[in-house]
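The structure under discussion appears below in the form of structure tokens.
Everything quoted here is computed from the prediction, not taken from an experiment. The analysis underlying the following values was restricted to heavy atoms, covering all of them including side chains, and did not include hydrogens, waters or symmetry mates.
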Amino acid sequence: MLRLPDSLRTELKNPLGILLKDTSKENISKHIPKNSYVITVGDATTEKMLSFGFVPSLQIVDGYEQRGKRIAPQSAATKLECENPAAQITTQSMDIIKKAMSLTPPVQILVTGEEDLLVIPACIMAPPNSVVLYGQPNEGLVIVPITNEIRNKTQNLLDRMT
């Protein structure tokens, strides 16, 4: 189990990819290449994409939005579950993400705990031609096209967790 050290908290507040303040369907669509493997992390992000008629390939949700309990987004995805306490990344959650990526999409992982940090292993393990989407609280939506540079950056973050 990896814990988030205080030294990384500020660094993780910076978006890993493109921060979209305009989260309209048209604007988001412009940033997602056709036939991408789309990974959403977060209930509001997943729900927004589903409401636009996009079914993300992998949906990582926890039934919470900005610390408030809510109903996890409903989709016809294969359901998996894992435990991942706040400010941590568990071995179980990394194994489940890897398993989810080997299944036929769409797959939804329901996290007991908190899914925020799972953006990191999702970026590391994402298949080629992937895009990771997650919310930047009170700012907008972050779209991360997966490149070797992003994989290296997120691996470096993971390596610095304790």
Side-chain angles (χ1 to χ4, degrees), residues 12-84 89 92-155 157-158:
L12 287 174
K13 289 196 182 351
N14 297 326
L16 282 168
I18 309 150
L19 176 61
L20 296 184
K21 300 221 183 272
D22 167 9
T23 60
S24 66
K25 180 177 181 176
E26 295 68 33
N27 197 36
I28 293 170
S29 300
K30 282 191 265 186
H31 294 275
I32 300 178
K34 284 249 180 289
N35 303 319
S36 294
Y37 186 92
V38 177
I39 301 166
T40 52
V41 180
D43 294 68
T45 302
T46 301
E47 196 161 79
K48 180 179 278 289
M49 295 305 286
L50 290 168
S51 75
F52 289 159
F54 291 115
V55 177
S57 310
L58 176 56
Q59 308 155 22
I60 304 175
V61 298
D62 65 4
Y64 281 83
E65 185 176 343
Q66 295 193 348
R67 307 276 181 265
K69 185 126 183 71
R70 53 161 293 162
I71 294 171
Q74 301 301 303
S75 84
T78 300
K79 306 282 195 281
L80 299 174
E81 293 183 17
C82 69
E83 291 191 23
N84 197 76
I89 298 176
Q92 183 196 31
S93 59
M94 289 199 283
D95 290 344
I96 285 287
I97 290 169
K98 184 181 279 184
K99 177 181 177 179
M101 290 178 180
S102 73
L103 300 173
T104 304
V107 178
Q108 185 179 81
I109 299 173
L110 181 61
V111 177
T112 301
E114 196 173 87
E115 90 285 80
D116 305 12
L117 289 177
L118 299 184
V119 164
I120 295 171
C123 287
I124 295 167
M125 294 185 242
N129 193 32
S130 289
V131 183
V132 176
L133 285 73
Y134 67 92
Q136 188 79 358
N138 309 318
E139 290 194 53
L141 182 72
V142 179
I143 298 191
V144 188
I146 299 301
T147 60
N148 284 338
E149 183 188 353
I150 288 292
R151 286 185 207 281
N152 293 339
K153 181 176 182 168
T154 49
Q155 184 64 57
L157 289 168
L158 193 67

Do you know which two heavy atoms are closest between [X] and [Y], and how far apart they sit?
X: V144; Y: C123; value: CG1-SG, 4.3 Å
X: I39; Y: A126; value: CD1-CB, 3.8 Å
X: S57; Y: S36; value: OG-O, 4.2 Å
X: P145; Y: I150; value: O-CG1, 3.7 Å
X: P106; Y: P56; value: CB-O, 3.5 Å
X: Y37; Y: A100; value: OH-O, 4.0 Å

Starting at [atom1] of [X], measure out to [atom2] of [Y] and round the result to the nearest 0.5 Å.
X: C82; Y: I97; atom1: SG; atom2: CD1; answer: 6.5 Å
X: T154; Y: I120; atom1: OG1; atom2: CD1; answer: 7.5 Å
X: L20; Y: H31; atom1: CG; atom2: NE2; answer: 4.5 Å
X: K34; Y: N129; atom1: NZ; atom2: CG; answer: 12.0 Å
X: Y134; Y: L118; atom1: OH; atom2: CG; answer: 13.0 Å
X: I146; Y: R151; atom1: CD1; atom2: CZ; answer: 6.0 Å

Next on the checklist: Would you say that L50 contacts V55 through its side chain, given a criterion of any heavy-atom pair below 4.5 Å between the two side chains?
Outcome noted: yes
Checklist entry - Tell me, do Q59 and P73 make a side-chain contact under 4.5 Å, heavy atoms counted? => result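 Q59 vs P73: side chains apart.
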Measure from the side-chain N and O atoms of [X] to the backbone N and O of [Y], and report whether any donor-acceptor pair falls under 3.5 Å.
X: T45; Y: G135; result: yes
X: Q74; Y: A72; result: yes
X: N27; Y: D22; result: yes
X: Q136; Y: K13; result: yes

Item to check | Test side-chain contact (heavy atoms from CB on, under 4.5 Å) applied to R70 and E47, step by step | outcome: CA-CA 11 Å; R70 53 161 293 162; E47 196 161 79; 2.5 Å; yes
Item to check | Enclosure of K79 NZ (heavy-atom neighbours >12, cutoff 6.0 Å) | outcome: yes
Next on the checklist: Test side-chain contact (heavy atoms from CB on, under 4.5 Å) on E115 and D43; report intermediate values, then the result.
Outcome noted: CA-CA 9 Å; E115 90 285 80; D43 294 68; 3.2 Å; yes
Item to check | The single option from V107, L110, I109 passing side-chain contact (heavy atoms from CB on, under 4.5 Å) against I96 | outcome: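 Testing each of V107, L110, I109 against I96, the sole residue satisfying side-chain contact (heavy atoms from CB on, under 4.5 Å) is I109.
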Item to check | Worked verdict on V61 versus V111 for side-chain contact (heavy atoms from CB on, under 4.5 Å) | outcome: CA-CA 6 Å; V61 298; V111 177; over 6 Å; no
Checklist entry - Should F52 and I28 be marked as a side-chain contact (heavy atoms from CB on, under 4.5 Å) after you check the CA-CA gap, both sets of side-chain angles, and the distance that decides it? => result CA-CA 10 Å; F52 289 159; I28 293 170; 3.7 Å; yes
